[in-house]
Amino acid sequence: MGRDTISDIITSIRNADMNRKGTVRIASTNIIENIVKILLREGFIENVRKHQENNKYFLVLTLRHRRNRKGTYRTILNLKRISKPGLRIYCNYQRIPRILGGMGIVILSTSRGIITDREARLEGIGGEILCYIW
């Protein structure tokens with residue numbers, strides 16, 4: 001059985017954010033690099049570095065945290081995996097959901113690569129819904 005790398009990185013980022021870790025190290029693949037570029041462009045993470053160890057590439061993500069130390073800690077980053085290896089979820093561009101009225105993003109895998117919901121609506125293409133981020 002294959003591993004679901006997208007779920008692995010989503011879980012790693014979510015766990016690091018809940019535990020107030022500054023950085024996350026994840027394995028690098030083309031799909032993961034495209035998702036991380038979207039997270040960086042949309043402002044959900046601060047920085048990305050590519051790191052090589054023993055002929056394997058890793059991405060080191062610097063997470064964005066709330067600076068307020070008073071009161072309870074609330075996570076900034078909420079991620080939810082939608083399409084899974086056992087159940088793929090597809091939609092056309094008219095039925096792409098809006099997360100928090102447009103405040104969050106939906107990451108889609110389309111025929112033109114991995115893009116956000118706004119880009120898919122502008123281009124008029126649908127695809128597989130990978131995850132929600134808000």
Side-chain angles (χ1 to χ4, degrees):
M1 261 174 43
R3 290 180 44 191
D4 187 11
T5 56
I6 298 171
S7 289
D8 290 344
I9 67 155
I10 286 174
T11 303
S12 298
I13 293 171
R14 187 184 310 118
N15 288 341
D17 189 44
M18 287 190 321
N19 291 324
R20 299 183 189 189
K21 300 286 183 188
T23 60
V24 179
R25 189 179 129 186
I26 55 177
S28 176
T29 63
N30 289 335
I31 294 173
I32 291 174
E33 284 183 19
N34 291 331
I35 291 173
V36 168
K37 284 179 188 175
I38 290 173
L39 289 174
L40 184 64
R41 187 176 68 225
E42 295 290 328
F44 289 106
I45 58 177
E46 284 185 16
N47 192 13
V48 178
R49 291 193 325 263
K50 199 166 190 178
H51 180 68
Q52 182 180 5
E53 252 182 49
N54 300 331
N55 294 331
K56 292 183 182 179
Y57 287 97
F58 295 96
L59 295 175
V60 180
L61 311 177
T62 305
L63 300 180
R64 188 174 297 245
H65 288 289
R66 234 177 231 162
R67 305 289 185 224
N68 185 6
R69 293 180 186 257
K70 296 178 182 177
T72 59
Y73 177 75
R74 291 189 55 211
T75 59
I76 289 180
L77 199 56
N78 292 311
L79 302 112
K80 184 176 181 185
R81 176 80 158 122
I82 302 302
S83 185
K84 299 174 184 169
L87 179 64
R88 302 289 184 185
I89 307 293
Y90 298 95
C91 68
N92 60 8
Y93 75 97
Q94 296 154 336
R95 295 186 183 221
I96 297 172
R98 294 187 190 274
I99 306 303
L100 292 177
M103 295 294 290
I105 62 170
V106 177
I107 296 181
L108 297 152
S109 176
T110 65
S111 59
R112 298 193 186 151
I114 295 179
I115 60 176
T116 64
D117 56 339
R118 289 180 218 118
E119 296 167 353
R121 284 189 197 97
L122 286 174
E123 294 182 16
I125 55 174
E128 179 184 355
I129 299 176
L130 296 179
C131 60
Y132 296 159
I133 302 169
W134 70 96

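All heavy atoms count here, side chains included; hydrogens, waters and symmetry mates do not.
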> Step by step, would you call Thr5 with Ile31 a side chain to side chain contact (heavy atoms under 4.5 Å, CB included)?
Replying inline: CA-CA 9 Å; Thr5 56; Ile31 294 173; 5.8 Å; no

>> Could you go through Thr62 and Ile45, starting from their C-alpha distance and side-chain angles, then the distance that decides it, and tell me whether this counts as side chain to side chain contact (heavy atoms under 4.5 Å, CB included)?
In response: CA-CA 6 Å; Thr62 305; Ile45 58 177; over 6 Å; no

>> Using side chain to side chain contact (heavy atoms under 4.5 Å, CB included), reason through Ile105 and Phe44 one step at a time and then give a plain yes or no.
In response: CA-CA 10 Å; Ile105 62 170; Phe44 289 106; 3.9 Å; yes

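In terms of heavy atoms, Gly104 sits closest to Asp117 at O-OD2, 4.4 Å. Annotation for Glu119 and Ile115: closest pair OE1-CB, 3.0 Å, computed over non-hydrogen atoms.
For the atom pair CG (Asn78) and CE (Met18), the distance works out to 10.0 Å, reported to the nearest 0.5 Å. Interatomic distance, Ile13 CD1 to Lys21 NZ, rounded to the nearest 0.5 Å: 15.5 Å. A distance of 3.5 Å separates CD1 of Ile125 from OG1 of Thr110, quoted to the nearest 0.5 Å. Atom CG in Leu79 sits 7.0 Å away from atom CG in Leu39 (nearest 0.5 Å). Residue Ile10 holds its CD1 atom at 6.5 Å from CD1 of Ile133, rounded to the nearest 0.5 Å.
The side chain to side chain contact (heavy atoms under 4.5 Å, CB included) search around Ile9 returns Ile26, Ile32, Ile35, not counting sequence neighbours. Residues passing the side-chain hydrogen bond (donor to acceptor under 3.5 Å, both in side chains) test with Thr11, sequence neighbours excluded: none. Applying the side chain to side chain contact (heavy atoms under 4.5 Å, CB included) criterion to Leu122, with sequence neighbours excluded, gives no partner residue. In this view, Asn34 and Lys37, Ile114 satisfy the side chain to side chain contact (heavy atoms under 4.5 Å, CB included) rule, not counting sequence neighbours.
The salt bridge (Lys or Arg N to Asp or Glu O under 4.0 Å) contacts involving residues 124-134 comprise Arg88-Glu128, where partners must be two or more places apart or lie in separate chains. Within the structure, the salt bridge (Lys or Arg N to Asp or Glu O under 4.0 Å) test picks out the following pairs touching residues 89-114 (sequence neighbours left out): Arg112-Glu123.
Judged purely by atom type and a 3.5 angstrom limit, Arg81 has no side-chain atom pairing as donor or acceptor with the backbone of Ile6.
Leu63 and Val60 fall into different hydrophobic clusters, defined by Ile, Leu, Val, Met, Phe, Trp and Tyr side-chain heavy atoms under 4.5 Å apart, directly or through other members.
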Contacts table for residues 49-59: side-chain donor-acceptor under 3.5 angstrom, sequence neighbours left out:
from  : atom 1 : to    : atom 2 : distance (Å)
Lys50 : NZ     : Glu33 : OE2    : 2.9
His51 : NE2    : Glu53 : OE2    : 3.4

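Grouping Ile, Leu, Val, Met, Phe, Trp and Tyr residues whose side-chain heavy atoms lie under 4.5 Å apart, directly or via other members, places Leu87 in a hydrophobic cluster with Ile82, Ile89, Tyr93, Ile96, Ile99, Leu100, Met103, Val106, Leu108, Ile129, Tyr132, Trp134.
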